[in-house]
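Each ligand, and each atom within it, is numbered from 1 in the order the structure gives. We count residues from 1, following the sequence as given.
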Amino acid sequence: LHLGMFEIGRALGKGKFGRVYLARERQSGFICALKVLHKNEIQKEHMQKQVAREIEIQSNLRHPNILRLYGHFHDRKRIMLVLEYAGKGELYKHLRKADRFQEKKAAQYIAQMAGALQYLHRKHVIHRDIKPENILVGLYGELKMSDFGWSVHSPSSRRLTQCGTLDYLPPEMADPKRYGKPYDEKVDLWSLGVLMYEFLVGRAPFEDTPAMTYRRIAKGDMKVPSFVSPEAKDLIKKLLVLDSDQRISLEKVRQHPWIIKHCE
Ligand SMILES: CC(C)CCNC(=O)Cn1cc(-c2ccc3c(-c4nc5ccccc5[nH]4)n[nH]c3c2)cn1
């Protein structure tokens with residue numbers, strides 16, 4: 001396996017430590033997304049272990065709604081990741097373009113995410129960073145969860161340094177009093193609720209200044225606009241529950257009337 005094996009196409013995007021290119025494997029014609037990570041940048045950020053863990057986790061995942069990592073190889077300066085090519089690109093671009101999704105499409109997406117999360121949680125993997133920016137869209141419109149940069153094996157009390165936007169932060173990770181307590185995979189249920197709200201409303205439920213976002217999350221202070229159907233509002237309310245033990249289970253999400261109605 002070496003770069004010569006691939007014909008490199010256009011840049012698809014910029015990931016954390018490098019760029020992602022459309023690529024075709026010469027011999028088989030196999031199309032993939034080739035992510036080039038620069039070792040010196042990873043070393044600078046002391047992220048070697050993190051990258052190794054992410055490679056380890058993602059290499060062992062096989063699910064239609066989780067982006068595949070087919071393999072990886074490296075030379076002196078770079079690590080190359082052979083990732084699945086998602087034919088319809090980045091979900092957040094579709095969301096911004098559409099402003100917000102119709103309830104049928106949002107329900108299908110949430111059902112797919114719930115299935116992918118169930119698969120991850122059965123393998124004791126917490127994603128911890130579910131947001132539109134980390135989700136891609138396959139050729140047939142199916143969602144592909146990606147970027148397990150912050151996934152850890154549960155339970156964990158990893159600090160939340162270097163995390164991105166606060167909008168998706170669950171209260172048990174945002175609330176100073178309970179800070180640093182071990183949290184578990186139920187953090188992904190909260191994020192699924194934030195994702196569902198953003199699909200239906202077009203913005204995150206606690207969007208505000210950083211300080212205000214923290215406080216609003218800690219209080220669960222959010223309103224669901226009246227254009228959201230009562231069934232959808234019911235599911236959002238059952239996911240965005242401050243006490244993680246009281247959050248609806250993924251199994252119950254998939255059986256919720258709002259999901260069943262739209263995913264027949
Ligand atoms: C091990 C660790 C450090 C890396 C593993 N995780 C990732 O690399 C997460 N990641 C995935 C990508 C990525 C970005 C874009 C694409 C695309 C893609 N398809 C497109 C179609 C149209 C327009 C843009 C597109 N981007 N397919 N697969 C991708 C994969 C970038 N970072």
Side-chain angles (χ1 to χ4, degrees), residues 1 3 5-25 28-75 77-98 109 112-113 116-117 119-120 123 125-153 158 161-165 168 188 191 195:
L1 260 178
L3 219 45
M5 238 177 126
F6 292 95
E7 274 161 353
I8 309 295
R10 75 178 181 88
L12 291 173
K14 262 167 13 79
K16 263 191 296 270
F17 293 105
R19 290 174 177 280
V20 194
Y21 300 90
L22 184 61
R24 179 176 41 214
E25 203 263 328
S28 64
F30 183 71
I31 296 290
C32 63
L34 201 68
K35 184 163 187 177
V36 181
L37 304 172
H38 297 282
K39 284 184 181 175
N40 62 351
E41 282 177 32
I42 294 172
Q43 274 140 19
K44 220 167 31 189
E45 305 271 314
H46 308 292
M47 293 289 271
Q48 299 92 316
K49 269 205 173 44
Q50 170 69 33
V51 169
R53 177 189 299 113
E54 194 172 326
I55 289 176
E56 168 65 28
I57 289 177
Q58 218 165 332
S59 305
N60 295 308
L61 299 175
R62 301 272 190 289
H63 188 278
N65 300 115
I66 294 176
L67 196 78
R68 279 294 306 279
L69 172 59
Y70 296 113
H72 63 288
F73 53 101
H74 62 98
D75 60 19
K77 288 185 185 304
R78 298 168 299 189
I79 300 172
M80 268 63 77
L81 302 166
V82 186
L83 288 159
E84 178 179 1
Y85 172 65
K88 288 212 169 83
E90 298 172 282
L91 178 66
Y92 82 92
K93 287 184 182 166
H94 296 270
L95 181 53
R96 294 294 168 263
K97 189 156 166 277
Y109 282 169
Q112 291 172 26
M113 288 294 97
L117 284 174
Y119 171 84
L120 282 179
K123 294 173 111 41
V125 173
I126 317 175
H127 189 289
R128 287 200 333 155
D129 201 8
I130 295 162
K131 55 188 175 187
E133 290 76 0
N134 288 340
I135 301 172
L136 292 158
V137 187
L139 206 53
Y140 307 107
E142 73 283 18
L143 295 191
K144 303 268 181 188
M145 209 185 255
S146 169
D147 221 333
F148 291 79
W150 307 110
S151 48
V152 287
H153 283 97
R158 288 271 320 255
T161 48
Q162 300 151 315
C163 274
T165 163
Y168 279 74
D188 288 337
S191 304
L195 188 71

Discussion item. Under the side-chain contact (heavy atoms from CB on, under 4.5 Å) test against Met145, which residue among Leu67, Leu120, Asn65 passes?
Written reply: Leu120
Worksheet item: With respect to atom 28 (N) of ligand 1, which of Glu84, Arg53, Glu56 exhibits the smallest heavy-atom separation?
Response: Glu84
Practice prompt. Indicate, as side chain, backbone, both or neither, the part of Ile55 found under 4.0 angstrom from ligand 1 when only non-hydrogen atoms are considered.
Written response: both
Worksheet, complete the sentence: side-chain hydrogen bond (donor to acceptor under 3.5 Å, both in side chains) filter on Asn40, not counting sequence neighbours, yields none
Discussion item. Given 3.5 Å as the limit, does a donor-acceptor pair link the side chain of His74 with the main chain of Lys39, or not?
Written reply: no
Worksheet entry | is_close_aromatic(Tyr70, Phe30), centroid dist under 6.0 Å | yes
Item to complete: Check ring pair (Phe, Tyr, Trp, His ring centres under 6.0 Å) between Tyr92 and all other residues, then give those that pass, not counting sequence neighbours.
Response: none
Response to the item:
Ranking Val51, Val20, Leu22, Ile57 by closest non-hydrogen atom to atom 12 (C) of ligand 1, top hit is Val20
Worksheet item: Heavy-atom contacts under 4.0 Å between Lys93 and ligand 1: side chain, backbone, both, or neither?
Response: neither
Response to the item:
Honestly, for Leu67 the part within reach of ligand 1 (heavy atoms, under 4.0 Å) is side chain
Discussion item. Just to be sure I'm reading this right: ignoring hydrogens, which of Lys35, Met145, Glu54 gets closest to atom 6 (N) of ligand 1? Compare them by their nearest heavy atoms.
Written reply: Glu54
Worksheet entry | Contact partition for Ala86 relative to ligand 1, non-hydrogen atoms under 4.0 Å | both
Worksheet item: Is a donor on one side and an acceptor on the other found under 3.5 Å between the side chain of Glu90 and the backbone of Lys93?
Response: no
Worksheet entry | Side chain, backbone, both or neither: His72 near ligand 1, heavy atoms under 4.0 Å | neither
Practice prompt. Mind listing the closest non-hydrogen atom pair of Tyr168 and Ile130 along with its distance?
Written response: CD2-O, 2.9 Å
Item to complete: Look only at the side chain of Gln58 and the backbone of Leu69, and say whether a donor-acceptor pair between them is shorter than 3.5 Å.
Response: no
Discussion item. Counting only heavy atoms closer than 4.0 Å, does ligand 1 sit against the backbone of Leu136, its side chain, both, or neither?
Written reply: side chain
Worksheet entry | Lys131 and Asp129: CA distance, side-chain angles, deciding distance, salt bridge (charged side-chain N to carboxylate O under 4.0 Å, His left out) verdict | CA-CA 6 Å; Lys131 55 188 175 187; Asp129 201 8; 3.6 Å; yes
Fill in: Close-contact set for ligand 1 against Leu81 heavy atoms, below 4.0 Å
1 (C), 2 (C), 4 (C)
Practice prompt. Pick whichever of Ile31, Leu69, Ile79, Leu12 has a heavy atom sitting closest to atom 17 (C) of ligand 1.
Written response: Leu12
Worksheet entry | Identity of the nearest option to atom 10 (N) of ligand 1, non-hydrogen atoms only, from Ser59, Cys32, Ser146, Ala11 | Ser146
Worksheet item: Near Gln58, which atoms of ligand 1 are under 4.0 Å from a heavy atom of that residue?
Response: 5 (C), 6 (N)
Discussion item. Which of the numbered atoms in ligand 1 are under 4.0 angstrom from any heavy atom belonging to Arg10?
Written reply: 22 (C), 23 (C), 24 (C)
